[in-house]
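Here is the structure we will look at.
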Amino acid sequence: MSVPDVIPIRHEPDHYTRTIGRCRDGQFLASVTAAFPEDWNDWSRDDSLAAKRWCAVLHRFDAAGRHLGSRIEFTGTSAEGEQRAVDAARRLLDAWLAGLPGLRYQDIAIAPFEVRFEGALFGLVLEEDEDEVNAELYPEGLGFYPPWDGCYDT
């Protein structure tokens with residue numbers, strides 16, 4: 001099965017995709033998430049809590065699903081106090097979402113995109129795994145696969 005031009009993402013109010021939807025200007029995908037530098041791969045290192053950086057993320061798309069831009073702000077590391085960093089990111093994201101005119105939480109369909117911010121990868125990235133292509137949402141780690149019905153795997 002070929003990869004569609006836009007990948008459907010199902011809105012799930014009580015799960016990872018609770019803050020996605022549409023607004024007057026198009027579509028959005030928002031989250032509070034932890035991000036590591038792209039080259040991070042050693043969880044046994046003593047500085048892993050310092051590398052785990054929490055952030056508020058708001059990706060914007062036009063009605064057709066093309067990426068328009070991203071707003072990303074880091075609010076702290078787990079080493080500095082994870083709950084404080086997460087709470088700060090939630091407050092920030094709530095303010096950003098409140099500023100979207102005509103906000104409606106619902107399913108979206110967006111084209112793959114990549115954004116790098118302070119050494120971390122954000123976006124919906126196509127990846128080839130053996131004989132199959134999937135789309136991975138970074139840094140959240142949500143995987144989207146055929147039959148491209150909006151469901152994801154964590």
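Remember, predicted model here, so these are calculated numbers, not experimental data.
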For this session: Report, as yes or no, whether the 6.0 Å neighbourhood of atom CZ on Phe74 holds more than 12 heavy atoms from other residues, nucleotides or ligands.
Result: yes
Problem set entry | Within 6.0 angstrom of Asp5 CG, more than 12 heavy atoms from elsewhere | no
Exercise answer: donor-acceptor pairs, residues 97-122 side-chain atoms, under 3.5 Å, sequence neighbours excluded:
from   : atom 1 : to     : atom 2 : distance (Å)
Arg104 : NE     : Gln106 : OE1    : 3.2
Arg104 : NH1    : Gly102 : O      : 3.3
Asp107 : OD1    : His11  : N      : 2.7
Glu114 : OE1    : Arg116 : NH1    : 2.9
Glu114 : OE1    : Arg116 : NH2    : 3.2
Arg116 : NE     : Glu38  : OE1    : 2.7
Arg116 : NH2    : Glu38  : OE2    : 3.4
Glu118 : OE1    : Arg53  : NH1    : 3.4
Glu118 : OE1    : Arg53  : NH2    : 2.8

For this session: Run the numbers on Asp153 and Leu142 for side chain to side chain contact (heavy atoms under 4.5 Å, CB included), then give the verdict.
Result: CA-CA 6 Å; Asp153 189 22; Leu142 303 182; over 6 Å; no
With the 4.5 Å side-chain cut-off for hydrophobic clustering, are [X] and [Y] part of the same group?
{"X": "Val6", "Y": "Phe28", "value": "no"}
{"X": "Leu58", "Y": "Ile20", "value": "no"}
{"X": "Leu68", "Y": "Ile72", "value": "no"}
{"X": "Leu126", "Y": "Ile9", "value": "yes"}
{"X": "Phe144", "Y": "Tyr138", "value": "no"}

Flag, side chain of [X] to backbone of [Y], donor-acceptor distance under 3.5 Å:
{"X": "Thr17", "Y": "Arg10", "value": "yes"}
{"X": "Thr19", "Y": "Ala30", "value": "yes"}
{"X": "Gln27", "Y": "Asp62", "value": "yes"}

Exercise. In chain order, what residues pass the side chain to side chain donor-acceptor pair (under 3.5 Å) check against Tyr152, with sequence neighbours excluded?
Worked result: Glu12
Shortest non-hydrogen contact from [X] to [Y]?
{"X": "Ala63", "Y": "Arg22", "answer": "O-NH1, 4.0 Å"}
{"X": "Trp148", "Y": "Ser2", "answer": "NE1-O, 3.5 Å"}
{"X": "Thr75", "Y": "Ala85", "answer": "OG1-O, 2.7 Å"}
{"X": "Asp149", "Y": "Cys151", "answer": "OD1-N, 3.1 Å"}
{"X": "Ala35", "Y": "Pro139", "answer": "CB-CG, 3.9 Å"}

To the nearest 0.5 Å, tell me how far [X] [atom1] sits from [Y] [atom2].
{"X": "Tyr16", "Y": "Thr33", "atom1": "OH", "atom2": "OG1", "answer": "9.5 Å"}
{"X": "Glu136", "Y": "Tyr145", "atom1": "CD", "atom2": "OH", "answer": "5.5 Å"}
{"X": "Phe61", "Y": "His67", "atom1": "CZ", "atom2": "NE2", "answer": "5.0 Å"}
{"X": "Gln83", "Y": "Ser78", "atom1": "CD", "atom2": "OG", "answer": "10.0 Å"}

Exercise. Hey, are the side chains of Leu137 and Leu29 touching, using non-hydrogen atoms and a 4.5 Å cut-off?
Worked result: yes
For this session: Would you check if Thr77 and Lys52 make a side-chain contact, meaning some heavy-atom pair closer than 4.5 Å?
Result: no
